[in-house]
Amino acid sequence: SAAYAISGDGESIVGSAFTAGQTPMLAFRWRGPGTFESLGTLPGTVNSIAFGVSGNGEVVAGRADTAGSASRAFRWIQAEGMTNLGVARPSDFYSEARAVSRDGSTIVGYSGGALPKTVTRRFDWKVGAIVPHVEEGSVIDYWFEILDANNVTGPGIGTIDHYQARIVSEAEKRADLANRLSDTME
């Protein structure tokens, strides 16, 4: 099992686990000894992972995967179970909910459509936590490298494409949000 988030009140932990006698990985919520609760999957999906939880532990969000490469973001609450949050655009086949606001009213994540799975929506990082401090207008280069443990032919390194993120000012961020809002109102 893997834990991905803890509620603001410290009472709930969410993540994913393999349950005895089952092969799929399923999202869970744990609220203390003897309270492990499997959250199930969406119809047509085989696995689920919980990535975010509200402050009181009542709202859980994550991703449910099909046997193919499609995934859907979900919201889970006790009274309704798991609800499909869909995708941002009709051409997207992949969506994932990553976090829940303290009051449970807002869920954030991303949605995409290219193979391999790529993020096609903006993701907000907590730039203030990056050390050394990053100034507005700075550009951050990022990528992932994976090193295997092949001891026969030697270790291999896989690298994804390099990406760049520009640090925007609060005014630029507000202008972008206002433009997005006006685009959705048209």
Backbone of G40 reached by a side-chain donor or acceptor of S48 within 3.5 Å: yes
Closest non-hydrogen atoms of Y94 and Y110, given as atom of the first, atom of the second and distance, are CE2-CE1, 3.5 Å
Nearest-0.5 Å distance, CD1 of residue I77 to OG1 of residue T83: 6.5 Å
For E172, give me all partners under salt bridge (Lys or Arg N to Asp or Glu O under 4.0 Å), at least two apart in sequence or on another chain. R166
Please report the shortest heavy-atom distance between S1 and F28, naming the atom on each side. CB-CE2, 4.5 Å
Charged N to carboxylate O under 4.0 angstrom, R31 versus E37? no
Is it the case that one hydrophobic cluster holds both F74 and V59, taking links as side-chain heavy atoms less than 4.5 Å apart, direct or via other members? no
Stepwise side-chain hydrogen bond (donor to acceptor under 3.5 Å, both in side chains) check, D65 with T45: CA-CA 5 Å; D65 303 317; T45 64; over 6 Å; no
Tell me whether R102 at atom CZ has more than 12 heavy atoms from other residues, nucleotides or ligands lying less than 6.0 Å away. no
Treating Ile, Leu, Val, Met, Phe, Trp and Tyr as nodes and any side-chain heavy-atom pair under 4.5 angstrom as an edge, say whether W76 and V53 lie in one connected cluster. yes
Side-chain contact test, heavy atoms from C-beta onward, threshold under 4.5 Å: evaluate it for I107 versus L85 and give yes or no. yes
For R72 and F93, work out which heavy atoms get closest and say how close. NH1-O, 2.7 Å
Heavy-atom closest pair, residues A73 and L42: O-CD1, 4.3 Å
Any side-chain heavy-atom pair of L39 and V60 under 4.5 Å: yes
Verdict with reasoning, T41 to L26, per side chain to side chain contact (heavy atoms under 4.5 Å, CB included): CA-CA 7 Å; T41 63; L26 297 176; 3.3 Å; yes
Residue pair R29, S12: steps toward the side-chain hydrogen bond (donor to acceptor under 3.5 Å, both in side chains) verdict: CA-CA 7 Å; R29 179 177 67 168; S12 299; 5.2 Å; no
Y4 versus A50, closest heavy-atom pair with distance: CD1-O, 3.4 Å
How close do S7 and N56 get, heavy atom to heavy atom, and via which atoms? CB-C, 4.4 Å
Drop me the distance from W30's CH2 to I6's CD1, to the nearest 0.5 angstrom. 8.5 Å
Interatomic distance, N179 atom CG to R174 atom CZ [nearest 0.5 angstrom]: 14.5 Å
Got a second to check how far S71's OG is from I49's CD1, nearest 0.5 Å? 8.0 Å
Determine, step by step, whether V168 and E136 satisfy the side chain to side chain contact (heavy atoms under 4.5 Å, CB included) criterion, reporting the C-alpha distance in whole Å, the side-chain angles of both residues, the deciding distance to 0.1 Å, and the verdict. CA-CA 6 Å; V168 297; E136 288 178 5; over 6 Å; no
